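All of these numbers come straight from a predicted model, not from anything done at the bench.
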Amino acid sequence: MKPIGYWLNRTDQALTASMDAALADFGLTRLGWQVLNAVKDDPRATDSAVRTALAANADTAALDSAVASVLAGGWVTRPRPEGLALTDDGRARLAEVARRVDAFRERSTAGITREEYVTAVTVLERMTRNLTGPRDGAAARP
């Protein structure tokens, strides 16, 4: 059996490649789609807010490139300096993209029960917290 790190990396690569392919018709990538959702979900979205929200997904250069791409594609506009907002066209196209993403999610979870999915996510979340949270007794150490 391969270790969890192997499968985490392979799964992320497979998710990205498959989602990039599913969204190519829209001129989007997985990261571009994530940027659009970050902007959609935050009425006061800014470049720095997007970078913060998606810091675990990509580095600053990749995020800045994805923001530039959705701006150039007419998905997003700048209502104020550093501000980001979906355009009306971007909002309409994002609704179309949602159908493609739903199909992608169905394909990616085929043969996986809801319980298995929840267990997998819960375990990964716990592992992440184990490795990134404070250690027991850390404050007491010199």
Side-chain angles (χ1 to χ4, degrees), residues 1-139 141:
M1 179 195 293
K2 301 260 187 214
I4 195 164
Y6 172 86
W7 288 113
L8 287 171
N9 288 326
R10 291 284 294 128
T11 301
D12 187 56
Q13 291 168 0
L15 286 168
T16 297
S18 295
M19 192 161 196
D20 285 354
L23 300 178
D25 293 345
F26 297 98
L28 283 176
T29 62
R30 179 184 183 198
L31 188 56
W33 176 78
Q34 291 167 334
V35 166
L36 290 173
N37 280 288
V39 170
K40 177 187 77 151
D41 293 340
D42 182 357
R44 297 179 319 235
T46 62
D47 293 77
S48 58
V50 167
R51 282 187 213 108
T52 299
L54 299 176
N57 301 19
D59 62 24
T60 298
L63 288 167
D64 288 347
S65 178
V67 167
S69 178
V70 296
L71 280 163
W75 296 85
V76 171
T77 188
R78 287 202 183 279
R80 63 195 179 288
E82 290 293 306
L84 298 166
L86 285 178
T87 62
D88 289 340
D89 184 51
R91 190 172 304 283
R93 289 190 289 160
L94 192 54
E96 292 177 41
V97 170
R99 289 187 287 280
R100 186 79 54 97
V101 171
D102 288 345
F104 164 80
R105 285 180 176 151
E106 265 188 52
R107 178 175 169 234
S108 68
T109 58
I112 300 169
T113 67
R114 175 78 178 140
E115 181 180 82
E116 289 171 323
Y117 182 85
V118 169
T119 297
V121 170
T122 301
V123 168
L124 293 173
E125 181 181 7
R126 194 173 322 135
M127 285 182 78
T128 300
R129 289 179 194 273
N130 288 346
L131 298 170
T132 60
R135 295 184 197 186
D136 290 340
R141 293 184 185 144

Could you check whether any side-chain heavy atom of [X] comes within less than 4.5 Å of a side-chain heavy atom of [Y], counting everything from C-beta outward?
X: Val70; Y: Leu84; result: no
X: Met19; Y: Val101; result: yes
X: Val67; Y: Val76; result: no
X: Trp75; Y: Leu28; result: yes
X: Thr29; Y: Leu23; result: no

Arg30: side-chain hydrogen bond (donor to acceptor under 3.5 Å, both in side chains) partners, not counting sequence neighbours: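 Applying side-chain hydrogen bond (donor to acceptor under 3.5 Å, both in side chains) to Arg30 gives Asp12, Thr16.
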
Rounded to the nearest 0.5 Å, how far apart are [atom1] of [X] and [atom2] of [Y]?
X: Gln34; Y: Asn37; atom1: CD; atom2: CG; answer: 8.0 Å
X: Asp20; Y: Trp33; atom1: CG; atom2: CH2; answer: 12.0 Å
X: Arg129; Y: Leu124; atom1: CZ; atom2: CG; answer: 12.5 Å
X: Tyr6; Y: Met1; atom1: OH; atom2: CE; answer: 13.5 Å
X: Asp64; Y: Ser69; atom1: CG; atom2: OG; answer: 12.5 Å

So does [Y] get a backbone contact from the side chain of [X], meaning a donor-acceptor N/O pair under 3.5 Å?
X: Thr77; Y: Ala85; result: no
X: Ser65; Y: Ala61; result: no
X: Thr109; Y: Ile112; result: no
X: Ser108; Y: Arg105; result: yes
X: Asp42; Y: Ala38; result: no

Shortest non-hydrogen separation from Ala62 to Ala58 and the atoms involved: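 Residues Ala62 and Ala58, closest heavy atoms: CB-CB, 3.9 Å.
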
Closest non-hydrogen atom pair, Gly74 against Arg93: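 Minimum heavy-atom separation between Gly74 and Arg93: C-NH2, 3.5 Å.
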
CZ/Arg80: more than 12 non-hydrogen atoms of other groups inside 6.0 Å: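 Enclosed.
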
Heavy atoms from other residues, nucleotides or ligands near CG of Asp88 exceed 12 (cutoff 6.0 Å):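 No, the 6.0 Å shell around CG holds no more than 12 heavy atoms from other groups.
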
From CA spacing to verdict: side chain to side chain contact (heavy atoms under 4.5 Å, CB included), Ile4, Met127: CA-CA 11 Å; Ile4 195 164; Met127 285 182 78; 3.5 Å; yes

Lys/Arg-Asp/Glu bridge criterion (N-O < 4.0 Å) met for Glu96, Arg100: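 Judged by the 4.0 Å cut-off on N to carboxylate O distance, Glu96 and Arg100 do not form a salt bridge.
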
Note: Asp47-Arg78 ion pair, threshold 4.0 Å (strictly below):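 Salt bridge between Asp47 and Arg78, a charged N being under 4.0 Å from a carboxylate O: yes.
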
